[in-house]
Amino acid sequence: DAGITQSPRHKVTETGTPVTLRCHQTENHRYMYWYRQDPGHGLRLIHYSYGVKDTDKGEVSDGYSVSRSKTEDFLLTLESATSSQTSVYFCAITEGTGGLEQYFGPGTRLTVT
Amino acid sequence: QKEVEQNSGPLSVPEGAIASLNCTYSDRGSQSFFWYRQYSGKSPELIMFIYSNGDKEDGRFTAQLNKASQYVSLLIRDSQPSDSATYLCAVNPTDSWGKLQFGAGTQVVVTP
């Protein structure tokens, strides 16, 4: 599992509330990613990080922000959750050995009511 | 629009047979290609990656890449019921290091 944990694993929240998802890794990987997975769309990149305080947008970044103040933690924040953000969120890392292979955490199932 | 396309399936395969999965991509400059297996309710698991044209074998899995035709395929030999899962194709497009694009996945069902 590449030493990745995600918290919470499940969350139900109401429209308009802020939500923060946490990705934690224990192996000092430089590159970290947040994806969402929805039926019919596969996995889509939200944001990624290439180091502490270095982040960039992915394909579906609107409505999301991220922060990375420590190597081991990559936080995804929904400032004001909407029903369209109901999804399964996966964090991933690249081990940084020169390849691009990404390894995924266990995921967070978020439901916005 | 850069796209990765897969047949959604389900692809029904008798136990012991070869499962053949295909993936096409639109960005001709893509260099890196990945196959993930995802069981229902679980996270994607990397099973193969290929960077050069041709075949790459790992156990019962073979990845085949043809950049000229812009497709990558996955063969699963001697299919087992435990191979029943959704298989995701991912591509790293040109000038987008690390920003993988995924297909929607092909569901494989291996029948005893």
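Proteins get letters first, then strands, A, B, ... in listed order; numbering begins at 1 in each.
The most heavy-atom pairs under 4.5 Å with chain A, out of B:Ser32, B:Ala90, B:Ser43, come from B:Ser43.
Looking at A:Leu43, the atoms closer than 4.5 Å to chain B (heavy atoms on both sides) sit in the backbone and in the side chain alike. B:Gln38 touches chain A through its side chain: at least one heavy atom from C-beta onward sits under 4.5 Å away, while N, CA, C and O do not. Looking at B:Lys99, the atoms closer than 4.5 Å to chain A (heavy atoms on both sides) sit in the backbone and in the side chain alike. With a 4.5 Å cut-off on non-hydrogen atoms, A:Tyr50 does not touch chain B at all.
Against chain A, the residues from residues 103-112 of chain B that qualify, each with a non-hydrogen atom under 4.5 angstrom away, are B:Gly103, B:Ala104 in number order.
Cation-pi geometry between B:Lys56 and B:Phe49 is met: under 6.0 angstrom from the ring centre, within 45 degrees of the axis.
Between A:Lys57 and A:Asp62 no salt bridge is recorded (no basic side-chain N to carboxylate O distance below 4.0 Å). Between B:Arg37 and B:Glu45 there is a salt bridge, since at least one side-chain N of the basic residue sits less than 4.0 Å from a carboxylate O of the acidic one.
Using modelled atom types and a 3.5 Å distance limit, the side chains of B:Asn66 and B:Gln64 yield no donor-acceptor pair. There is a side-chain donor-acceptor pair under 3.5 Å between A:Gln102 and A:Tyr35. No hydrogens or angles considered: nothing links the side chains of A:Thr108 and A:Arg9 as a donor-acceptor pair under 3.5 Å. B:Tyr36 and A:Tyr103 share no donor-acceptor pair across their side chains, judged by distance under 3.5 Å alone.
Atom CZ of residue A:Arg109 and atom CD of residue A:Gln37 lie 9.0 Å apart, to the nearest 0.5 angstrom.
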